[in-house]
Amino acid sequence: MVAVAALATATGLLGCARTAPTSSSASELVYIGTNVASAQENTIYLYRLNPATGALTAVSAYKGGAQPTYLTMDANHRHLYAVSETGSFQGQDHSGGVSTLAIDGRTGALTLLGQQPSTGGSPCYISLDRTGQNALVANYMGSATGGNVALLPVLPDGQLGAPTATDQHQLPVGPHANQTTPHAHSLLPDPANRFAFSADLGTDKVYAYRLDAAQHSWQLMPAPAFAAKPGAGPRHLTFHPNGRFAYLVNELNSTVTALAYDATAGTFRELQTVTTLPVGFSGDNSGADVHVAPNGRFLYTSNRGRNSIAVFAIAADGQLSPVQDVDTQGKTPRNFSLDASGRVLLVANQNSNNVFTYQVDKQTGKLTPTGQHIDVPSPMFVEVVPDFTK
């Protein structure tokens, strides 16, 4: 086990973080994963968010391994799990890593406990199944033949064991120039924890796995759960709070697809596909992230190139209508998150090294910049949780 000491918590060490006072009764914690390549440098940052103002106050920074670009946390706020989006790991080619970090319940500080290979290159997504017994990892590059997915058991002490289930996504691929091999880009459980779904950018498919959480295993379903339009490049999938709808953001053609979910069969039916770009936009763009507001009334997606958040209203039948297109005030918004209350949206702008916050109008879904931002090296992911240190 490797203990990693945190840096000093002085705000000045973490860029231009706002130091506006926050209300301890309302504050939230924000963990930020980055694309910093050296494991010897600080790669995961911790801030405190004031939801009333959108201000972020620096707490500390930690050595979380190389390129911890995607994070997830257990329900008890005891462990943080991070992928290391690398092409080789501990001497293994075609493999990244997955780290377990202990969380100090008094301060939120992180201590690296251990790491496991992800059994595929460039892992770019991690989630936990609904029981918290397994970590689900998508490897963008996978093996030499393309992307794959892996299941790693959560051990009694919270650390991850070696993968107990894997699946190599197969040809054929789509027609786009970026679809030369399979590229698993996400992997998450459905609301009932019966299935896990992986969106694959290379094959234009969403793969389904029947989960057995207690046995730390899965079974690949004989047919894909959904086939996107050729060249769409499915990237991230998210479920509506009602569990009846899901939404798939497609990277390569900058669209989002509204889906009806059959929870018994583990399949999706297309309801509608709409562009994430405003009328008249003609520049280069790729879709990135997608989230539904906690109240289920609005959908948000991020555009890299356009550098915006697209806002949609969700109708009773699950279909979408455009509401707003908002500048992210930076470059390449790979990931963004809403806080649990749905009052604040945080955008990580990877290539401008900053995170901006927005107030959310719960009645209209519209976003208003708070005027607050922080500078962070190559931010890739923001995890917002209630302030459990109070």
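Counting from 1, the numbers follow the sequence of the chain as shown.
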Can you name the residues that form a ring pair (Phe, Tyr, Trp, His ring centres under 6.0 Å) with Y358, not counting sequence neighbours?
none
So F356 and H373, ring-ring contact (aromatic ring centres under 6.0 Å, His included) or not? Walk me through it.
CA-CA 4 Å; F356 281 81; H373 84 281; 4.8 Å; yes
Counting the benzene-type ring for Trp, do Y125 and H236 have ring centres under 6.0 Å apart?
yes
Does the side chain of T276 come under 3.5 Å of the side chain of T301 through a donor N or O and an acceptor N or O?
no
Given a cutoff of under 4.5 Å between side-chain heavy atoms of I, L, V, M, F, W and Y, with clusters grown through shared members, what are the other residues clustered with L211?
L136, V149, L151, L187, Y207, Y209, W218, L220
Just one of L237, D204, T257, T267 clears the side-chain contact (heavy atoms from CB on, under 4.5 Å) bar with F226, so which one?
T257
What verdict does the side chain to side chain contact (heavy atoms under 4.5 Å, CB included) test give for T180 and N178, after you've listed the backbone C-alpha separation in whole Å, the side-chain angles of each residue and the deciding distance to 0.1 Å?
CA-CA 6 Å; T180 55; N178 291 353; over 6 Å; no
Connected to V173, directly or through other members, by ILVMFWY side-chain contacts below 4.5 Å are L171
Is the centre of the F197 ring less than 6.0 Å from the centre of the F268 ring?
yes
Working for side-chain hydrogen bond (donor to acceptor under 3.5 Å, both in side chains), residues T264 and R194
CA-CA 9 Å; T264 301; R194 294 191 188 99; 5.8 Å; no
As a quick check of understanding, evaluate side-chain hydrogen bond (donor to acceptor under 3.5 Å, both in side chains) for T57 and R48, giving each step before the final call.
CA-CA 5 Å; T57 303; R48 184 165 277 109; over 6 Å; no
Are any side-chain N or O atoms of T53 and backbone N or O atoms of A55, one a donor and one an acceptor, separated by less than 3.5 Å?
yes
Of the options D129, L128, N134, T131, which is the one that meets V154 in a side-chain contact (heavy atoms from CB on, under 4.5 Å)?
L128
Distance alone, cut at 3.5 Å: any donor-acceptor contact between the side chains of S27 and N50?
no
Counting only heavy atoms not in Q215, do more than 12 sit closer than 6.0 Å to its CD atom?
no
Do the side chain of R244 and the main chain of Y261 share a donor and acceptor less than 3.5 angstrom apart?
no
Quick one: does any side-chain atom of N307 pair with a main-chain N or O of T332 as donor and acceptor, under 3.5 Å?
yes
Hydrogens and angles aside, do D93 and S88 bring a side-chain donor and acceptor to less than 3.5 Å of each other?
no
With rounding to the nearest 0.5 angstrom, report the CD to OG distance, E383 to S337.
7.0 Å
Would you call the rings of Y140 and H185 parallel, tilted or perpendicular, where under 30° means parallel and over 60° means perpendicular?
perpendicular
Determine, step by step, whether E251 and R334 satisfy the salt bridge (Lys or Arg N to Asp or Glu O under 4.0 Å) criterion, reporting the C-alpha distance in whole Å, the side-chain angles of both residues, the deciding distance to 0.1 Å, and the verdict.
CA-CA 11 Å; E251 176 176 327; R334 173 161 167 168; over 6 Å; no
What is the minimum heavy-atom distance between F239 and A246, and which atoms define it?
CD2-CB, 4.0 Å
Are Y62 and Y31 close enough that their ring centres sit under 6.0 Å apart?
no
May I have the step-by-step check of side chain to side chain contact (heavy atoms under 4.5 Å, CB included) for T368 and D361, ending in yes or no?
CA-CA 8 Å; T368 301; D361 186 320; over 6 Å; no
Aromatic centroids of F388 and H77 separated by under 6.0 Å:
yes
